[in-house]
Structure formats: C-alpha cells, structure tokens
Amino acid sequence: MDKNKIIVFDTTLRDGEQSPGCSMNTEEKIKVALQLEKLGVDVIEAGFAAASPGDFDAVSRIAEQVKNSSICSLSRAVENDIKQSGLAVSKAPLHRIHTFIATSPIHMKYKLKMEPDEVIRRAIHAVQYAKTFVDDVEFSFEDAGRSEISFMKEMMDAVIDAGASTINLPDTVGYRLPHELGAMVRELTDYANDRAIISVHNHNDLGLATANTLAAVANGARQIEVTINGLGERAGNSALEEAVMAIKTRKDAFGELYTTINTPELYPTSRLVATITGVEPQQNKAIVGKNAFAHESGIHQDGVLKHQETYEIMRPEDVGVFKDSTLILGKHSGRAAFKDKIAHLGFDKVSDAELNSAFERFKILADKKKEITDDDVRMLITDEALNSGKTYELVGLQISDCSNGMPMAAVSIKKDNEVIQDAAIGDGTMDAIFKTIDRLTGISGELNDYKVISVTEGKDALAKVTTRVTFDENAPSFVGHGLSIDTMLATAKAYLGSVNSYLSQKERLSKKTEHQV
Ligand code: KIV
Ligand code: ZN
C-alpha cells in the first residue's frame with residue numbers, strides 16, 4: 001500500500017441517496033456507479049443491501065457491472081444485514097463489506113441501550129461474520145466525533161484483531177472543528193500504527209465537512225468518505241470534488257499525498273448526479289457550481305484575460321468545465337460532427353441506438369433553438385440514457401386555454417406499438433395532464449415533488465422537468481425526467497418517466513425469486 005495515496009470512497013449512492021428527495025432507481029444508480037468508476041473512485045458504497053429488495057437489487061447489479069472500483073455495501077452490526085451485503089457484492093471483482101456500530105456514550109446509552117462491553121462483542125462478531133463473505137472489511141465507529149478516545153482504542157484493537165482492515169471515524173452529526181478532528185485522527189492513526197487504514201466520514205452540519213476531511217488527511221487519514229455535490233443526510237457529507245481538488249491544488253500543503261481521481265470527470269459526474277436526482281448544486285458551490293469559474297466584475301475579467309492565475313487557482317478544464325461551450329453546429333450539421341461533440345463531452349459509452357435517437361432530437365432542437373450549448377447536448381444524451389427501456393412513450397399532448405377556468409389536456413401515448421388517447425379536465429394544466437396519464441395507464445400516482453430548471457439562458461431554452469411520484473404508499477417514490485423546449489411537454493414526459501420507472505422496478509422485482517430479505 002502506497003502511504004501517500006488517499007483512497008477515495010464515494011458514498012453518493014448510500015449516504016447521498018439518504019438526502020431528502022435524492023432517492024434513485026436501480027437504472028439510475030447503475031449509471032452513477034459506472035460514471036464513478038470512470039471518475040476513478042477507489043471504493044463505491046453502492047447502498048445498504050438489506051434495506052429493501054430494491055436496494056439489494058441495485059447493489060448486486062452494480063457489482064455485476066463495475067470492474068475497476070471496489071463495490072461496498074453498508075450493514076449494521078447484525079448478521080442478516082451482513083449476509084445481504086456479502087451476497088449483494090459477491091459478483092464484483094473487487095468488493096468490501098462496511099459494517100458499523102455506534103460508539104459514543106449518548107448513542108450507546110439511548111439508541112443502542114447497550115453497555116460498552118456488549119458493543120465491543122457485537123463489533124467483533126460482525127467483523128468475524130463479514131470475513132466469512134469477503135476479505136476486505138471496513139468497520140465504522142458511528143458518532144466517533146463524540147466518542148471517547150480511550151473507548152475507540154479498545155474498539156480498534158478488537159475489530160482489527162477480528163480482521164477489519166479499514167477503521168472509519170465518522171463525525172456523524174457534523175460537530176467537530178477541524179483542529180479537534182485532526183487531533184483525534186492523529187492520535188488514532190498513531191495508535192493503529194499501520195495495523196489498519198484510518199478513514200474519515202464527515203457531515204456538514206456546521207459547514208465544516210471538507211475542512212474536517214482535509215484536517216484528517218493532514219493528520220494521517222488515508223481514506224476519505226465523500227459524495228458528489230456534497231449530498232448526504234441533513235446538511236450533507238464532505239464533497240468529493242472539493243476534497244480532491246484541495247489535495248491536488250495545494251500540493252505545497254499536502255506534499256506527496258495524492259488521489260487517483262480523473263479530475264476532468266468531476267464536472268460531468270456532478271451534472272449526471274444533479275440531473276438524476278433533480279437536486280442542483282447551489283450556483284456558488286465550489287468546483288461544480290454554475291458560477292465556480294464565472295468572473296462577473298470587470299476587474300476580474302480583465303485580470304483573467306491578462307493572466308489566468310490572477311483570479312483562478314485551478315484551470316476549469318482540469319475539473320471538466322470548458323469555457324467555450326457554444327456548439328457551432330446547426331440544423332445542417334451532420335451525425336459525424338454530433339458524434340464528435342459528444343465524444344469530446346466524455347460520452348464514450350453511448351450505444352448506437354442512443355446516439356441515433358439523440359441525434360434526431362438534436363435536429364429537432366436545432367430547428368427551434370438558435371444556439372446549442374454543451375449543456376444542451378449533455379442534457380440530450382443523459383435524458384436519452386435515462387429514458388431508455390420505457391413501457392410507455394408520449395406521442396402527443398394538446399392543452400386547452402387555461403384562462404377559461406377549465407384546463408384540459410388530451411394525451412396520446414404508445415405501448416407496444418399501440419397508441420391510446422384520452423383527455424381530462426384538471427384544477428390546472430399540469431393536474432389535467434397527470435389525470436389523463438393516470439387514466440391511460442390505469443395507475444394512479446401521487447406527485448411528491450416537481451422541479452423545473454432551464455438548461456441554458458434565453459427564451460428558447462430547454463426546460464428540464466423532474467418529477468417524484470409515489471404509486472403505492474409503502475414503496476419509495478419514482479423519479480421521472482422530461483426535456484423539451486415546451487415546459488408542459490417536458491412535464492408530461494417526466495410524469496410518464498416516473499410511471500415507466502415504477503413499472504420496470506416492479507417487473508424486475510417480481511422476477512426475482514431467490515433473494516428474500
Ligand atoms: O454518518 C455516519 O455515521 C454514517 C456511518 C454509517 C458510516 O453514515
Ligand atoms: Zn453518514
């Protein structure tokens with residue numbers, strides 16, 4: 001093991017997915033996992049396999065497809081969780097089980113209602129049991145940030161002897177200040193004395209997650225648990241892009257330490273996660289926010305033009321942001337130029353069918369929109385990939401004048417080459433669209449969240465709609481995506497996307513017989 005290498009453990013698909021409104025379906029998780037592999041993440045925490053059959057399915061399908069990153073599943077320190085994790089990750093060439101128990105006095109007393117001795121016994125058993133499935137076992141001391149150092153040393157001896165090779169110290173409630181967390185990591189790294197890799201997992205409740213992660217690295221941590229766009233429980237986790245770029249940019253402070261992240265993939269990964277979850281990073285978000293490299297004031301613009309480093313500490317292209325993002329392609333441009341452009345944007349795994357369909361949509365868009373930017377093309381390709389394999393396809397939408405008090409929508413959709421149509425009146429145009437789709441599909445959905453963003457500026461901008469719909473009160477919500485110059489058309493596509501996603505999940509799970517959680 002190279003002592004200068006910082007292992008990047010991404011938990012976007014587990015802790016990130018726990019953020020309100022960020023749940024993803026299996027197909028979406030697979031897309032994110034494949035992109036994380038391309039980004040060069042060392043370990044992908046693909047989920048919590050025992051949480052539900054859907055989670056198990058997602059982890060095991062990711063394990064089948066990702067080859068170059070280790071696939072990990074989280075488990076409480078209980079046998080069934082560990083077993084489901086072990087089964088779910090088994091097909092991955094590189095795999096790990098991550099198991100945990102709380103170690104802080106407050107968690108042990110009120111949540112676990114266990115004496116410290118019992119916590120140690122459970123931890124030992126969890127690691128030993130996990131070792132019957134995999135070689136690589138990580139153990140987390142939940143709420144390490146508020147745990148006693150002496151108890152963590154005792155726990156460390158116990159779980160290392162049982163076979164854990166990574167000890168993770170989560171600041172679960174985001175309580176620690178950087179100098180305190182740094183001191184804790186230093187003491188425990190010295191104590192571990194190379195018997196295990198020390199890892200950190202910082203929450204952002206006080207806005208200090210990345211600062212804490214970097215303080216930990218400076219004090220001996222060699223694994224960082226992070227998420228794309230800083231997604232995660234409550235205020236989120238330490239953002240992968242921030243920690244990685246800080247280590248890369250401040251070589252003077254971090255010396256020989258390095259990650260093997262392919263940094264030009266940071267921005268495309270951030271866009272994919274934002275598109276799938278419908279949760280956009282704030283505009284001034286470091287590294288990947290819309291304004292991260294935008295210079296508004298004349299003085300700054302002048303400085304950057306004269307010498308880039310006057311106001312830029314990183315080159316935008318090093319994180320995958322290309323300033324000249326206007327595509328000089330129009331309605332007369334050919335397929336080859338389009339293909340060239342998407343390859344340049346990093347979509348090298350697009351199938352011929354996806355390319356053809358995206359090209360057709362590009363031509364339609366080029367007829368209506370003056371300038372097509374990289375973001376438009378990126379959105380076309382991502383949307384194509386997210387909506388492939390659908391049961392229902394939107395064929396037509398007609399909406400009535402909504403000022404006369406009777407908003408009406410007529411919708412036609414296609415299933416297995418058969419076109420069906422219907423119309424309904426609603427409380428508003430969107431309500432009329434949803435009611436009509438419900439009637440046509442025979443499935444009634446409840447809209448939990450609706451978001452619309454404009455992909456670029458201008459009146460002719462593409463509208464990107466994300467819907468989150470539940471079809472059964474005991475099941476999670478299903479995300480749908482719609483892209484169009486017309487917001488209502490994008491809305492209908494997104495809602496139908498949620499229906500499709502629900503149906504495909506239902507079909508896949510009904511075919512699974514061997515796995516029971
Ligand atoms: O925040 C936390 O403590 C966690 C652990 C389960 C690693 O997410
Ligand atoms: Zn966490």
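Values below: every heavy atom of this structure, side chains too, minus hydrogens, waters and symmetry copies. Both ligands and their constituent atoms are indexed starting at 1 by order of listing. Residues take their numbers from the sequence shown, with the count starting at 1.
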task = Kindly determine whether E280 and K451 satisfy salt bridge (charged side-chain N to carboxylate O under 4.0 Å, His left out), including the steps that lead there.
result = CA-CA 10 Å; E280 283 291 320; K451 281 196 193 86; over 6 Å; no
request  = Note the single closest protein heavy atom to atom 3 (O) of ligand 1, along with its residue, its atom name and the distance in Å.
outcome  = T172 OG1, 2.6 Å
message = Between R14 and Q18, do the side chains contain a donor N or O and an acceptor N or O under 3.5 Å apart?
response = yes
ask   = Between H203 and H201, what is the ring plane arrangement, given parallel below 30°, perpendicular above 60°, and tilted in between?
value = tilted
ask   = Got an N, O or S from D15 under 2.8 Å of the Zn ion (ligand 2)?
value = yes
request  = Below 4.0 angstrom from a heavy atom of H203, which ligand 1 atoms are there? Numbered from 1 as shown, please.
outcome  = 1 (O)
ask   = Could a heavy atom of E233 be found less than 4.0 Å from some atom of ligand 1?
value = no
request  = Considering the heavy atoms of E142, write down every atom of ligand 1 situated less than 4.0 Å from one of them.
outcome  = 3 (O)
query = Should C72 and F9 count as side-chain neighbours, where that means a heavy-atom distance under 4.5 Å?
reply = yes
Over all atoms of both residues, closest heavy-atom pair of G163 and V137 = O-CB, 4.5 Å
task = Under 4.0 Å, heavy atoms only, figure out whether ligand 1 is touched by the backbone of D15, its side chain, both or neither.
result = side chain
key: Criterion side chain to side chain contact (heavy atoms under 4.5 Å, CB included) on I44 and L13, from CA distance to verdict   = CA-CA 8 Å; I44 298 173; L13 294 171; 4.0 Å; yes
query = Would you say the side-chain atoms of T172 pair up with the backbone N or O of D143, donor to acceptor, closer than 3.5 Å?
reply = yes
query = So which of R14, H107, H201, R234 gets nearest to atom 6 (C) of ligand 1, if we judge by its closest heavy atom?
reply = R14
ask   = How open is the angle at the Zn ion (ligand 2) from atom NE2 of H203 over to atom NE2 of H201, rounded to 10 degrees?
value = 100°
message = Within the 4.0 Å heavy-atom shell around H98, which atoms of ligand 1 are there?
response = 7 (C)
